[in-house]
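Have a look at the structure below before the remarks.
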Amino acid sequence: VQLQASGGGSVQAGDSLRLSCAASGRTVGAYVMGWFRQAPGKEREFVAGIRWSDGTTRYSDAVKGRFTISRDNANNQLYLQMNSLKPEDTAVYYCAASSRGLSSNRYNFDYWGQGTQVTVSS
């Protein structure tokens, strides 16, 4: 599976951004897709995940209620709608694919896209 993330940028606190991830290669429908982020000096952390087959989602507590993960089956696109952004959301965001269950464990994810930078200023 090849993944290509896009949509990052610099915004003010309270603004919104939508990240996209184009997936190609093996049957995407068999995978769980996720978004992770990594801030400078910190571990890469789970943000949100979605089971491609039925749309079941999972979120980290830090973003629940503000971020929405979704997918476009027809075009093999993954999205992360980020609302009410905070400075602590600043990080490089990565999309990833897993052939295992819907998990927040980054070691379960086998394929990674390049990151896209999100910077939120106060």
Would you compute the distance between atom [atom1] of [X] and atom [atom2] of [Y] and round it to the nearest 0.5 angstrom?
{"X": "S20", "Y": "Q4", "atom1": "OG", "atom2": "CD", "result": "11.0 Å"}
{"X": "Q81", "Y": "I69", "atom1": "CD", "atom2": "CD1", "result": "12.5 Å"}
{"X": "W35", "Y": "L19", "atom1": "CH2", "atom2": "CG", "result": "4.5 Å"}
{"X": "R71", "Y": "S53", "atom1": "CZ", "atom2": "OG", "result": "7.5 Å"}
{"X": "L80", "Y": "S70", "atom1": "CG", "atom2": "OG", "result": "8.5 Å"}
{"X": "C21", "Y": "Q77", "atom1": "SG", "atom2": "CD", "result": "7.5 Å"}

Would a hydrophobic clustering, with Ile, Leu, Val, Met, Phe, Trp and Tyr connected at side-chain separations under 4.5 Å, put [X] with [Y]?
{"X": "V1", "Y": "W52", "result": "yes"}
{"X": "L102", "Y": "F46", "result": "yes"}
{"X": "I50", "Y": "M82", "result": "yes"}
{"X": "V11", "Y": "V47", "result": "yes"}
{"X": "Y59", "Y": "L17", "result": "yes"}

Does [X] reach the side chain of [Y], with side-chain heavy atoms less than 4.5 Å apart?
{"X": "R106", "Y": "Y94", "answer": "no"}
{"X": "M33", "Y": "L3", "answer": "yes"}
{"X": "D110", "Y": "R100", "answer": "yes"}

Is a donor on one side and an acceptor on the other found under 3.5 Å between the side chain of [X] and the backbone of [Y]?
{"X": "T116", "Y": "Y93", "value": "no"}
{"X": "Y79", "Y": "T68", "value": "no"}
{"X": "T56", "Y": "R51", "value": "no"}
{"X": "R37", "Y": "A91", "value": "no"}

So which heavy atom on [X] is nearest to which on [Y], and how close?
{"X": "G34", "Y": "L78", "value": "O-CD2, 4.0 Å"}
{"X": "S121", "Y": "P87", "value": "C-CG, 4.5 Å"}
{"X": "S104", "Y": "F36", "value": "O-CE2, 3.7 Å"}
{"X": "N108", "Y": "S103", "value": "ND2-OG, 3.1 Å"}
{"X": "A5", "Y": "C95", "value": "CB-SG, 3.9 Å"}

TODO: Dump the intermediate steps for side-chain contact (heavy atoms from CB on, under 4.5 Å) on Q117 and T90, then the final yes or no.
DONE: CA-CA 8 Å; Q117 176 71 46; T90 295; 4.1 Å; yes
Task: Parallel, tilted or perpendicular, as decided by the 30° and 60° cut-offs, for the rings of Y31 and Y111 - done: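 Ring orientation of Y111 relative to Y31: perpendicular.
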Task: Pair D15-V120, side-chain contact (heavy atoms from CB on, under 4.5 Å): steps then yes or no - done: CA-CA 8 Å; D15 285 351; V120 184; over 6 Å; no
Open item on the list: I'd like to know if D89 and K86 make a salt bridge, using a cut-off of under 4.0 Å between side-chain N and carboxylate O.
Closed with: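 Not counted as a salt bridge, because no side-chain N and carboxylate O are separated by less than 4.0 Å.
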